[in-house]
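Notes to accompany the following structure.
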Amino acid sequence: MRRTLLKKQRNSFQEKVYEKVKRIPKGEVLTYKEVAILAGKPKASIAVGNILNKNRDYKIPCHRVIKSDGSMGGYNRGLRRKAYLLKKEGVVIKDGRVVLFKFG
DNA sequence: GACCTGACTCAAC
DNA sequence: AGTTGAGCCAGGT
């Protein structure tokens, strides 16, 4: 299983998602939709969330990915953690929602 | 290979 | 403004 999976993952949607998310600059956030678009599938926002959820990799700043609404969907390590990290990076959070950001 | 799920989004009510 | 239904995508069962 490992080998086949690895081979398949080499150039998959998931791989692109990881790349894009990893490249998000500090103090900036992207929506699931944006990530999906960057990955080449504008309608795959939910898949993005699914991937990030399962991923659980420290190299990937999942906390910089939020919903297009401005509210942060979830975080495998705890929503509180996500808000905390975001705040530290300069993003303003209000009642679990991102405010004072570029989109709006 | 069909069916269900989920950290989603949009439009309608 | 909060809820509902339908659409979309990858993964897992």
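Per chain, numbering begins at 1; letters A, B, ... match sequence-line order.
A straight line from CG of A/Asn55 to C1' of C/dG11 spans 14 Å, rounded to a whole angstrom. Here the P atom of nucleotide C/dC9 and the CD atom of A/Glu34 are 17 Å apart, to the nearest Å. Atom CD1 of A/Ile37 is separated from atom C1' of C/dC9 by 14 Å (rounded to the nearest Å). Between the CG atom of A/Leu52 and the C1' atom of C/dG11 there is a distance of 14 Å, given to the nearest Å. In this structure, A/Asn53 atom CG and C/dC9 atom C1' are separated by 15 Å, rounded to whole Å. If you take CD of A/Glu15 and C1' of C/dA10, they are 15 Å apart, rounded to a whole angstrom.
Not counting sequence neighbours, the partners of A/Lys33 by the side chain to side chain contact (heavy atoms under 4.5 Å, CB included) test are A/Thr31, A/Ile37. Taking the salt bridge (Lys or Arg N to Asp or Glu O under 4.0 Å) definition, one finds that A/Lys22 meets it with A/Glu19, sequence neighbours left out.
Put simply, chain A comes within 4.0 Å of DNA chain B, heavy atom to any atom, from B/dG6 to B/dC10, going 5' to 3'.
Listed here is the closest heavy atom pair of A/Asn76 and A/Asn53: ND2-O, 3.8 Å. Summarising the geometry of A/Phe13 relative to A/Ala44, their closest heavy-atom pair is CZ-CB, 3.5 Å, with the distance given to 0.1 Å.
The phosphate of C/dG11 (OP1 or OP2) has a side-chain N or O of A/Gln14 nearer than 4.0 angstrom.
Under the side-chain hydrogen bond (donor to acceptor under 3.5 Å, both in side chains) criterion, no residue pair touches residues 37-50 of chain A, with sequence neighbours excluded.
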Please tabulate, one pair per line, all N/O donor-acceptor pairs under 3.5 Å involving side-chain atoms of residues 79-99 of chain A, not counting sequence neighbours.
{"residue": "A/Lys82", "atom": "NZ", "partner": "A/Val65", "partner atom": "O", "Å": "2.7"}
{"residue": "A/Lys82", "atom": "NZ", "partner": "A/Gly74", "partner atom": "O", "Å": "3.0"}
{"residue": "A/Glu89", "atom": "OE1", "partner": "A/Arg64", "partner atom": "NE", "Å": "2.7"}
{"residue": "A/Glu89", "atom": "OE1", "partner": "A/Arg64", "partner atom": "NH2", "Å": "3.4"}
{"residue": "A/Glu89", "atom": "OE2", "partner": "A/His63", "partner atom": "NE2", "Å": "3.2"}
{"residue": "A/Glu89", "atom": "OE2", "partner": "A/Arg64", "partner atom": "NE", "Å": "3.3"}
{"residue": "A/Glu89", "atom": "OE2", "partner": "A/Arg64", "partner atom": "NH2", "Å": "2.8"}

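Contacts of A/Ala47 with the nucleic acid, taken as non-hydrogen atoms under 4.0 Å apart, include base atoms.
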